[in-house]
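In listed order, ligands and their atoms are each counted from 1.
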Amino acid sequence: MKLQFYNTYSRQKEAFETLEEGVVRMYNCGPTVYGRVHIGNLRSFVFADVLRRSLEHFGYEVRQVMNITDVGHMVDDADEGEDKLVAQANKEGRDPWEISAGHAAQFLADLETLGFRPAMVYPKATDHIPEMLAMIEGLLESGHAYEVDGQVYFDVTSFERYGQLSGNRVEDLEGGARVEVRAEKRHHADFALWKSDPAHLMKWDSRFGPDGFPGWHIECSAMAAAHLGTQLDIHTGGEDNVFPHHECEIAQSEALSGKRFARFWMHAKFLQVDGGKMSKSLGNVYTIDDAVERGFEPRHLRFALLRGHYRQPLNFTWKVMEEARAFVENLDRLAQDLARLAAVDGAEGRGEALVETLRGDFDRAMADDLAMPRALAALSGLRQAVLDGELSGASAANGLEFLRAADGILGVVHFDDAGPGDDVEAQIAARNQARADKDWAESDRIRDELLAAGITLEDTPEGTIWRRG
Ligand code: AMP
Ligand code: ZN
């Protein structure tokens with residue numbers, strides 16, 4: 001099937017093609033690990049995972065890299081303000097390395113909890129300082145960068161296409177509007193590749209001095225090149241990454257290689273909470289734990305974050321989570337119904353053709369710039385077909401196969417033959433033992449633990465049985 005994606009760079013949908021037949025090189029901007037990732041960050045990452053799974057669904061091999069920013073990301077995204085990690089370290093009175101290591105590990109655990117397919121690698125910026133310095137040397141040699149007292153800047157006037165991605169024109173980029181412009185910059189839009197600051201807590205010795213650290217943008221250019229080469233098929237991020245981050249990445253990478261850095265630039269629109277911006281003061285900077293504490297499963301959150309179109313704003317509320325849970329549970333039931341119906345021989349009516357049409361609708365929707373709401377409508381159609389008694393035998397088996405394929409992208413459905421079956425049996429055996437030992441506390445503990453995982457136990461004369469929900 002022919003795929004097309006909206007390319008931020010050209011501001012239109014374009015036919016998807018790759019540099020190498022059948023292989024997609026994809027780089028996703030990952031988190032800055034000064035805190036735990038929140039559901040806003042997770043929307044951008046879930047979008048990347050859905051994109052990756054969709055590409056695999058359509059037969060591509062995906063080489064996916066998602067970075068971890070653990071130094072150099074300044075509070076205002078540009079060159080001024082404090083490094084987010086250093087600011088956090090000062091606030092907590094802790095070592096920034098310890099903080100970033102903790103949140104990076106938590107980030108990887110959160111991805112697993114939300115059912116992400118693992119990327120090929122999750123590189124950390126601090127592990128790629130030599131590659132960044134090498135790029136910086138290259139840019140200095142080719143006249144795209146200049147050094148002033150240990151600071152190295154990219155000269156935006158040396159790169160004609162600067163502003164192409166974001167639609168900003170160099171002459172319109174006002175200095176001093178949002179941030180103070182450093183006097184040593186030749187042009188107020190020049191951005192830092194390398195910075196020097198004796199007070200910085202994470203620093204590297206280089207020929208620019210002993211107190212250096214990288215600019216945020218060069219990190220992604222260097223990590224992408226190190227793991228995927230100088231040319232990518234897709235580069236993603238949240239919409240706030242378009243400028244300055246991705247604009248600067250393009251300038252650095254293309255000025256140095258002379259080649260087009262990324263063929264497709266894809267950005268997820270921001271997630272809002274209760275119709276507005278998330279903020280600490282409103283107490284709505286939610287994480288996975290907040291959803292779990294309210295009784296939701298992580299997959300309900302995953303679904304709430306992926307059910308809209310990635311280029312439409314998405315509003316998060318606890319009511320939306322209820323709806324997400326209901327939709328996911330309906331898909332669980334659909335899987336059970338289809339499995340049951342597949343074993344029933346019935347006269348094949350129009351069911352077969354119906355399933356084929358719905359499956360085609362789903363694929364066409366995903367192939368058209370990941371039109372998720374349309375794809376989900378095809379699954380609702382499948383459910384309706386079951387409710388209308390249209391499916392049995394072979395058509396139900398095909399319907400189940402369609403649902404499995406669709407869930408290869410969604411990653412939210414529990415199929416009875418998959419999931420925690422063996423685990424549950426082992427837990428039930430442990431609980432039976434506890435009951436035999438009259439260890440009621442232990443027996444209750446196991447029952448509650450399973451309940452929290454969405455498994456209800458029922459003690460019958462024939463033994464203990466379990467069901468979901
Ligand atoms: P950061 O940790 O600030 O580097 O952000 C990590 C990723 O999360 C970036 O790609 C951001 O664009 C994205 N992001 C941050 N806030 C939101 C939000 N509210 N909605 C969607 N994506 C976001
Ligand atoms: Zn990045």
Quick one: sort the Y60 and F16 rings into parallel, tilted or perpendicular, breaks at 30° and 60°. perpendicular
Per-atom filter on ligand 1: closer than 4.0 angstrom to a heavy atom of N241 are 9 (C), 10 (O), 11 (C), 12 (O)
Salt bridge or not for D361 and R364, using N-O below 4.0 Å? yes
With a cut-off of 4.0 Å, which atoms of ligand 1 are near a heavy atom of H73? 3 (O), 4 (O)
Ligand 1 atoms in contact with G30 (distance to a heavy atom under 4.0 Å): 4 (O), 6 (C)
Which atoms of ligand 1 are found less than 4.0 Å from any heavy atom of M278? 19 (N)
Atom indices of ligand 1, in the order listed, that fall short of 4.0 Å to a heavy atom of P31: 2 (O), 6 (C)
Checking E249 side chain against H217 main chain: does a donor-acceptor pair fall under 3.5 Å? no
Under 4.0 Å from any heavy atom of T32, which atoms of ligand 1 are there? 1 (P), 2 (O), 4 (O)
For a quick check under 3.5 Å, do N315 and T317 share a side-chain donor-acceptor pair by atom type? no
Indicate whether the side chain of S221 and that of Q252 have a donor and an acceptor atom separated by less than 3.5 Å. yes
Tell me the contacting part of Q272 for ligand 1: side chain, backbone, both, or neither, using a 4.0 Å heavy-atom threshold, strictly below. neither
Would H38 count as a contact of ligand 1 if the rule is a heavy atom under 4.0 Å away? yes
Starting from atom 16 (N) of ligand 1, which protein heavy atom do you reach first, and at what distance in Å? F270 CZ, 3.5 Å
Where ligand 1 meets G40 - atom numbers and elements under 4.0 angstrom, heavy-atom basis: 17 (C), 18 (C), 19 (N), 20 (N), 21 (C), 22 (N), 23 (C)
N/O separation below 3.5 Å, R43 to ligand 1: no
For atom 8 (O) of ligand 1, which of N67, N41, L271, L42 has the closest heavy atom? N41
Is E323 paired with R307 through a side-chain N to carboxylate O contact shorter than 4.0 Å? yes
Using distance alone, determine whether G238 and ligand 1 share an N or O pair under 3.5 Å. yes
Ligand 1 to W216 polar contact by distance, N or O atoms, under 3.5 Å: no
Considering residues, nucleotides and ligands other than D448, do more than 12 of their heavy atoms fall under 6.0 Å from its CG? yes
Where the Zn ion (ligand 2) is the centre, what is the NE2-to-SG angle for H245 and C29, rounded to 10°? 110°
Could you check atom 12 (O) of ligand 1 against the protein and tell me its nearest heavy-atom contact, residue, atom and distance included? D240 OD1, 2.3 Å
Can you tell me if S166 and N168 form a side-chain donor-acceptor pair at under 3.5 Å? yes
Residues K203 and D211 bridged, charged N to O under 4.0 Å: yes
Between Q4 and D368, is there a side-chain donor-acceptor contact under 3.5 Å, judged purely by atom types and distance? yes
Provide, to 0.1 Å, the distance between atom 13 (C) of ligand 1 and the closest protein heavy atom, together with that atom's residue and name. S44 OG, 3.6 Å
